[in-house]
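Bear in mind the structure is a predicted one, so any value in this text is a computation, not a measurement. Proteins get letters first, then strands, A, B, ... in listed order; numbering begins at 1 in each.
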Amino acid sequence: MGRLYATPCVQDRDYARFVSYYIAHSYEFDEQYTFHEAVAHLMISLQDSRIMLFDDEEGKLHGFILYRYEAADGTLFIDSTILSPDYRSSIVFYKGFGDWVRHVMMEHSEIRQVRFFVRADHPYLIRLYGKFANRIEEIDRGGRAELVYESAFYALKRYLRV
Amino acid sequence: MYEAFYICASEMYQRKYMDFLLNNYEDLRLPYSFPVAFRFIASPVLLGHECFLCVDDEGEAVGAFSYIHGTGEGNYEDRHVVQLQVAYLTQSYRRRTALFLLGLHTLAEHLSGLNEEVTELVFWTGTDAYTGRLFGKFAERTSVGEAVIGYRVSLSQLNAYLSKFKRRISV
């Protein structure tokens, strides 16, 4: 397992390969998440969201963070994120997440908090997010119970040593 | 070489349709932002309207097209008008007249056989001279823009045009 390189999704060919990857790996969110739901979510999200891609040394995509910023209250929402199983390690997570934080700091000067969603029945991610964020809410999204976590941006930066 | 057009009747083929167009996205040269272009590509899948793949004799996709019923101007209530969303052949399969005619025939035959009436087909193309000559043979220009030209053709006109090439369209 090598390292991954963070690249903001800007060019059309990046969007195209992101969409291919998202559709191919969307079952990782939920086994019940259908192909048509994935396509519909992309149609809605692509217009207003930004994407950070994580490629290996050969330029093959192994993960992404799909996020959006709401200026009204300085909140960054991470709508979804996937990392290929081969790269799921603490080192890759911290480095990739840190790269993303450094990038969004350049995009927005007034980030106050970061919120993200996790399936209520995903113990691994719940344990992971609990290390640096607080559970603030449980919601129903598309018939699935999800937990909403929030971290103050300064606290997240401190945790990631950014 | 033998190619054929197939309707993407199952999720597996709809995925193949999406993958094919995404893998060839830059060559599509759609004059829109990616989010807008993706809507063109994906809406037939979501709306349950039809997507078609052209496959070679090894089962590899070499082309695709798709449509929806209704137009934006008609608030998608004018379902008798079919709007072609995307149509693409990989480079080595372009300028093959018989294949182009087969694709048109596949679409026309499909639309003629639907339970609901379709009377007209609308679509947009690039502005190059070759494309203009090609589509001008059977369709009427409705708009001319910087990046795209709009066309319309009635289904009866399209069928009449294709009837001239019955022998060339080997189905």
Is it the case that atom [atom1] in [X] sees more than 12 heavy atoms from other parts of the structure closer than 6.0 Å?
{"X": "A:E138", "atom1": "CD", "value": "yes"}
{"X": "A:R112", "atom1": "CZ", "value": "no"}
{"X": "A:Y154", "atom1": "OH", "value": "no"}
{"X": "A:R50", "atom1": "CZ", "value": "no"}
{"X": "A:E110", "atom1": "CD", "value": "no"}
{"X": "B:Y13", "atom1": "OH", "value": "no"}

> Which atom names give the shortest non-hydrogen contact between B:L46 and A:H36, and what distance separates them?
Replying inline: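 It is CD2-O, 3.3 Å.
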> So which of A:L42, A:V39, A:I23 has the biggest tally of heavy-atom pairs under 4.5 Å with chain B?
Replying inline: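 Of the candidates given, the most pairs with chain B belong to A:V39.
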> If contact means a heavy atom pair closer than 4.5 Å, which residues of residues 14-27 of chain B contact chain A?
Replying inline: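 Residues B:Q14, B:R15, B:M18, B:D19, B:L22, B:N23, B:Y25, B:E26 are the ones that qualify, each having a heavy atom under 4.5 Å from chain A.
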> Looking only at heavy atoms, which of residues 74-83 of chain B get nearer than 4.5 Å to chain A?
Replying inline: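 The stretch does not come within 4.5 Å of chain A.
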>> Non-hydrogen contacts under 4.5 angstrom with chain B: give the residues of residues 7-20 of chain A involved, or none if there are none.
In response: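 Only A:D12, A:R13, A:Y15, A:A16, A:V19, A:S20 of residues 7-20 of chain A have a heavy atom under 4.5 Å from chain B.
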> When only heavy atoms count and the cut-off is under 4.5 Å, which of residues 57-76 of chain A reach chain B?
Replying inline: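 None at all.
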Mind checking whether [X] and [Y] sit in one hydrophobic cluster, side chains of I, L, V, M, F, W, Y counted as touching below 4.5 Å?
{"X": "A:V92", "Y": "A:Y124", "result": "yes"}
{"X": "A:Y21", "Y": "A:Y87", "result": "no"}
{"X": "B:Y32", "Y": "A:I44", "result": "no"}
{"X": "B:L134", "Y": "B:L158", "result": "yes"}
{"X": "A:F35", "Y": "A:M43", "result": "yes"}

>> Nearest 0.5 Å, please: how far is CD in B:E11 from OG1 in A:T34?
In response: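 A:T34 atom OG1 to B:E11 atom CD measures 7.0 Å (nearest 0.5 Å).
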